[in-house]
Each structure stands twice: as structure tokens, then as C-alpha cells.
Asks: 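The structure that follows is given in the form of C-alpha cells.
Just so you know, ligand 1 is whichever comes first in the structure, and atom 1 is the first atom listed for that ligand.
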Amino acid sequence: MGHNLLKGKRGIIFGALDENSIAWKVAERVVEEGAAITLTNAPAALRFGEINKLAEKLKAEVIPADATSLPDLENLFTKSMEILGGKLDFVLHSIGMSVNMRKKKDYTELNYEWMMKTLDISAISFHKVMATGLKLDAFNEWGSVLALSYIAAQRVFPDYSEMAEAKALLESFARSFGYHLATKKKVRVNTISQSPTITTAGSGVKGFNAFYEYANTMSPLGNAPADNCADYCVAMFSDLTRYVTMQNLFHDGGFSNMGMNPALLDL
Ligand code: NAI
């Protein structure tokens with residue numbers, strides 16, 4: 001049951017592929033809290049994903065956009081404002097893809113063209129989203145922009161490969177662009193660093209299941225589920241967090257501050 005925390009607010013949700021997607025859960029929760037949204041994903045993902053099911057359920061329109069394409073993003077922001085009837089109060093960037101990981105390239109032998117594509121999709125697209133919103137004057141004051149990150153931005157997780165660099169860049173964009181959106185528009189920008197979560201992107205990481213179990217045991221509260229991540233996003237989009245900006249916020253059951261958990265010795 002919602003609490004009208006986002007009543008009257010408008011937003012764009014990137015990255016709902018299927019019902020396991022973190023963005024899928026966020027879309028459901030923000031609508032439950034009274035927001036009106038548009039949904040978007042890359043044209044290819046619209047073909048093999050299930051976003052139309054979600055759109056029907058939430059009575060939201062789907063606007064295709066490759067998040068690396070500035071013309072697609074301009075179209076997305078323009079149409080979203082038309083459909084929703086005004087400027088936007090929030091945006092969720094829930095996008096990640098590693099070409100080298102997908103093609104099983106070892107980290108020490110990365111293909112650099114593929115790496116550029118990975119960085120463009122997983123991190124530079126976040127800059128492009130914010131730059132487009134700013135250029136089109138699409139944000140309401142006290143708006144909130146979020147992207148999803150992972151702790152491999154700070155610590156070494158060898159199987160996370162080039163996505164570690166992508167997440168480090170993503171978090172840096174949240175700080176740097178956060179400054180500009182705060183001073184120009186009073187809009188806040190943050191990243192949420194989420195626990196391992198069973199989704200299409202998550203399961204693409206080598207040895208994901210063992211890794212998921214390891215994090216689950218190391219975290220005193222256990223891994224943070226996707227539904228709770230959606231709750232956190234609602235809080236960050238609501239007016240209760242207006243002065244939180246340029247932060248990387250861990251949503252990980254305590255994992256990021258652990259050194260050793262004796263429970264791991266029993267594994
Ligand atoms: P997912 O596979 O459901 O979502 C990834 C989305 O990125 C998909 O909807 C995909 O179509 C979209 N995407 C890929 N290329 C795109 C492009 N060029 N333009 C627009 N969209 C594009 O997986 P998940 O886990 O929900 O991922 C969402 C975010 O959460 C990602 O940033 C991921 O790195 C992050 N995250 C995931 C964790 C996990 O263990 N699943 C842990 C921490 C962060």
C-alpha cells in the first residue's frame with residue numbers, strides 16, 4: 001500500500017527489461033506512491049523483453065531510447081513532458097552492460113573498442129541523460145536523479161571486470177553533474193550501490209551464484225532485495241530527502257563496512 005509520497009510527481013524510468021529488473025520494481029513502487037511515469041529501454045530490449053506487460057499494468061507509455069543516443073534522449077524527454085503534462089521530478093538510470101563480459105574476455109586482455117561501448121552504455125549515458133534534461137530545461141526544482149551502482153567501484157571484485165571502471169565513472173558523474181544540477185536547478189543526483197541481485201544483468205557476472213551467497217553471508221542483514229531497493233528509490237525521489245546530493249549510497253545490508261564475518265567460516 002502506498003503513502004502518496006510521490007503524489008503529483010512525474011518521472012522517467014530507464015531499464016525495466018523483465019519482472020526481475022530492479023527498474024521494474026521501482027516503476028511499480030513509484031506508481032503505487034502516486035507518481036506518473038514513462039518507461040524506456042533500448043529498442044532491442046523492447047523486442048525481447050516484457051516491458052509492455054508492465055506498461056499495461058501501470059498505464060504508462062513506453063518510449064524507446066538507446067541511452068547512448070542524444071537524439072533518442074531528446075525525443076524521450078520531450079515526449080515524456082508532453083505525455084505527463086509538465087516538467088519532470090525524477091529519473092532512474094538503471095542501465096548496465098559489459099561487452100567484454102558478454103563475450104567472456106579476460107580482464108587482462110580486454111578489447112578496448114568493446115570497453116568504450118561498455119563505458120558509453122553503463123556510465124556515459126548517465127551524463128547524456130542529465131545533459132539532455134538540463135538542455136531541455138526538463139527538471140522541476142527539487143527534482144531527484146538516481147543511478148544504480150555496485151561496490152566494485154571502490155573494491156576489487158575480479159569477475160566484475162570492466163564494469164568496475166564503468167561504475168567508478170558513473171559515481172563520479174553523480175558527483176560532478178550533481179554540482180551543476182544543484183546550482184542551476186536545485187536538482188539532486190545520487191547513486192545507490194545495491195547488493196548483488198538476481199536479474200539478467202546480475203546473472204551475467206561469472207560465478208554469480210557463489211558470489212551472491214558470499215555477499216549474503218558477509219552482510220549482517222543479508223543481501224538487500226530488489227523490492228527494498230525500490231523502496232529506497234521512492235525515498236530518494238520523495239521530498240523527504242531534498243538535501244541529499246552527490247552521494248553514493250550503499251543499500252547492501254551492511255556489506256560495505258564489513259571486514260570479516262564469522263558466519264563465512266561456516267560456509
Ligand atoms: P537488467 O538486465 O534487468 O537491467 C539492465 C537494463 O539495461 C536492461 O533493461 C537493458 O535493456 C538496459 N540497457 C542495456 N543497454 C541499454 C542501452 N543502450 N540503452 C538503454 N538501456 C539499455 O538488470 P538489473 O540488475 O536490474 O540492472 C539495473 C542496474 O542495476 C544496472 O546499472 C546494474 O549494473 C545495477 N546493479 C545490479 C546489480 C545486480 O546484482 N543485479 C547490483 C548492483 C547494481
Asks: Between the side chains of R242 and D239, is the shortest nitrogen-to-carboxylate-oxygen separation below 4.0 Å, so that they form an ion pair?
Replies: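 Judged by the 4.0 Å cut-off on N to carboxylate O distance, D239 and R242 do form a salt bridge.
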
Asks: Can we say R29 and E33 salt-bridge, meaning some charged N sits less than 4.0 Å from an Asp/Glu carboxylate O?
Replies: yes

Asks: Please produce the table of protein N or O atoms sitting under 3.5 Å from N or O atoms belonging to ligand 1, one pair a line, distance to 0.1 Å.
Replies:
unit_1   : atom_1 : unit_2 : atom_2 : d
ligand 1 : 2 (O)  : A201   : N      : 3.0
ligand 1 : 3 (O)  : S21    : OG     : 2.6
ligand 1 : 9 (O)  : G15    : O      : 2.9
ligand 1 : 9 (O)  : N41    : ND2    : 2.8
ligand 1 : 11 (O) : N41    : OD1    : 2.7
ligand 1 : 11 (O) : N41    : ND2    : 3.4
ligand 1 : 18 (N) : D66    : OD1    : 3.0
ligand 1 : 19 (N) : A67    : N      : 2.9
ligand 1 : 21 (N) : N41    : OD1    : 3.4
ligand 1 : 23 (O) : T199   : OG1    : 3.2
ligand 1 : 25 (O) : T199   : OG1    : 2.5
ligand 1 : 26 (O) : I22    : N      : 2.9
ligand 1 : 32 (O) : I95    : O      : 3.0
ligand 1 : 32 (O) : K167   : NZ     : 2.9
ligand 1 : 34 (O) : K167   : NZ     : 2.8
ligand 1 : 40 (O) : T197   : N      : 2.7
ligand 1 : 40 (O) : T197   : O      : 3.2
ligand 1 : 41 (N) : T197   : O      : 2.9
ligand 1 : 41 (N) : T199   : OG1    : 3.1

Asks: Measure up the F157 and F211 rings against each other and bin them: parallel (under 30°), tilted (30 to 60°), perpendicular (over 60°).
Replies: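 Taking F211 first and then F157, their aromatic rings stand perpendicular (interplane angle over 60°).
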
Asks: Take K185 and D137, measure what salt bridge (charged side-chain N to carboxylate O under 4.0 Å, His left out) needs, and give me the verdict at the end.
Replies: CA-CA 9 Å; K185 297 285 165 193; D137 193 19; 2.8 Å; yes

Asks: Between S149 and N248, do the side chains contain an N or O donor and an N or O acceptor separated by less than 3.5 Å?
Replies: no

Asks: Before giving the answer on side chain to side chain contact (heavy atoms under 4.5 Å, CB included), spell out for D159 and F208 the whole-Å C-alpha distance, their side-chain angles and the decisive distance to 0.1 Å.
Replies: CA-CA 9 Å; D159 290 336; F208 180 80; over 6 Å; no

